[in-house]
2 protein chains.
Amino acid sequence: MQPQSEIRLTPQRQVILEELAKVKTHPTANEVYDMVRKRLPRIGLGTVYRNLELMADNGMILKLEVGGSQKRFDAITNLHYHIRCTCCGKVDDIELTAMPHLDQLASDSSDYQVVGHHIEFSGICATCGEAQEKAITN
Amino acid sequence: MQPQSEIRLTPQRQVILEELAKVKTHPTANEVYDMVRKRLPRIGLGTVYRNLELMADNGMILKLEVGGSQKRFDAITNLHYHIRCTCCGKVDDIELTAMPHLDQLASDSSDYQVVGHHIEFSGICATCGEAQEKAITN
DNA sequence: CTGCATGCAAACCGTTTGCATCCCC
DNA sequence: GGGGATGCAAACGGTTTGCATGCAG
């Protein structure tokens with residue numbers, strides 16, 4: 001997770017990093033692409049994918065492999081957990097103290113070299129919940 | 001999670017269910033397809049996808065939305081956790097007592113209606129670990 | 001007879017990759 | 001001038017879907 005090797009901070013990479021740090025959501029690669037494109041209209045989608053991947057490998061950002069078909073990215077790299085709306089797919093942080101000791105338990109009860117864990121809650125977000133209620137009362 | 005509506009148990013569905021129950025791994029849709037095809041050579045991949053989805057909606061099986069690009073399916077539907085090999089993608093069960101109370105905590109600290117959670121460990125499985133060591137000592 | 005289920009193939013979507021060009025060192 | 005980075009477009013892998021046919025109730 002620590003930097004493997006210093007990577008050159010090209011304008012594209014810098015903008016990707018800045019835009020990612022700017023939001024508290026956990027955008028997909030495509031959403032990052034849209035954000036970045038406003039500042040660098042000629043950037044290619046491939047470049048965004050390549051650099052997100054690269055920066056995740058370097059520990060500069062976090063690649064969230066959550067449920068749903070798309071990967072999401074996070075500028076906050078310390079251990080924290082997420083909740084995903086099963087309705088709209090939105091992903092939010094969950095304020096829950098990290099439980100790094102779980103890794104030890106998992107290590108004891110398996111023949112894996114455990115490197116980490118992630119907890120993903122699922123639920124209905126406030127927005128989708130309201131929409132549902134409206135649909136029912138109609 | 002409880003059965004929404006009884007679904008008809010066609011031969012295809014029965015075979016899918018049986019084959020899924022037979023293995024302790026967590027096969028992808030394609031792996032299920034391969035298993036089922038040995039008994040029903042003319043079954044279509046679309047049918048497998050449609051029925052896995054349907055049976056998951058009915059709570060008859062579990063759809064695992066773990067990291068990696070593919071969904072996996074599990075005949076064991078009670079709450080339990082998993083570990084995924086970051087090297088080969090294999091998914092195993094982790095013997096760790098379920099912590100259903102986490103849902104309450106998440107509920108308290110968010111504006112979601114929490115419906116559940118899943119813990120996914122990541123690590124290197126025994127097979128991949130050995131392969132790595134061999135590669136180094138060579 | 002009607003409707004759901006199937007097999008098949010084409011479409012789809014997110015992601016990756018090959019390649020020619022560009023730019024920094 | 002050389003090696004990595006980029007833009008672009010084509011390829012890819014997993015999944016979904018439309019449609020004609022089949023079969024159970």
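Proteins come first, then strands; the chains are lettered A, B, ... in the order of their sequence lines, and each starts at number 1. When reading the values below, keep in mind they use all heavy atoms of this one structure, side chains included, and skip hydrogens, waters and symmetry mates.
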Residue whose nearest DNA chain C nucleotide is more 5′ - Leu40(B) or Thr47(A): Leu40(B)
Residue whose nearest DNA chain C nucleotide is more 5′ - Arg13(B) or Pro41(B): Arg13(B)
Which of parallel (below 30°), tilted (30 to 60°) and perpendicular (above 60°) describes His26(A) and His82(A)? perpendicular
With heavy atoms under 4.0 Å as the rule, sort Asn51(B) into base, sugar-phosphate or nothing. sugar-phosphate
Touch class at under 4.0 angstrom, heavy-atom based, for Ile43(B) against every strand present: sugar-phosphate
Partners of Glu95(B) by side chain to side chain contact (heavy atoms under 4.5 Å, CB included), sequence neighbours excluded? Ser109(A)
Measure the distance from [atom1] on [X] to [atom2] on [N] and round it to the nearest whole Å.
X        : N       : atom1 : atom2 : result
Glu53(A) : dG14(C) : CD    : P     : 17 Å
Glu31(A) : dG14(C) : CD    : P     : 10 Å
Leu64(A) : dT15(C) : CG    : P     : 12 Å
Glu65(A) : dT15(C) : CD    : P     : 10 Å
Leu45(B) : dA10(C) : CG    : P     : 15 Å
Ile7(A)  : dC25(C) : CD1   : P     : 14 Å
Asn30(A) : dC13(C) : CG    : P     : 11 Å

Salt bridge or not between Arg72(A) and Glu65(A)? Use side-chain N to carboxylate O under 4.0 Å. no
What I want to find out is whether Arg39(A) reaches Glu18(A) closely enough, with some N-O distance under 4.0 Å, to be called a salt bridge. yes
Could you tell me from which nucleotide to which nucleotide of DNA chain D, 5' to 3', there is an atom under 4.0 Å from chain A heavy atoms? dA5(D) to dC8(D)
Measure centre to centre between the rings of His118(A) and His118(B), then say whether the value is under 6.0 Å. no
Of all the nucleotides listed (dG7(C), dC19(C), dC4(C)), which has the minimum atom distance to the side chain of Arg8(B)? dC4(C)
Has the side chain of Asn58(A) got a donor or acceptor atom that lies under 3.5 Å from a matching backbone atom of Met60(A)? no
N or O in side chain of Tyr49(A) less than 4.0 angstrom from dT15(C) OP1/OP2: yes
Closest non-hydrogen atoms of Ala98(B) and Leu79(B), given as atom of the first, atom of the second and distance, are CB-CD2, 3.6 Å
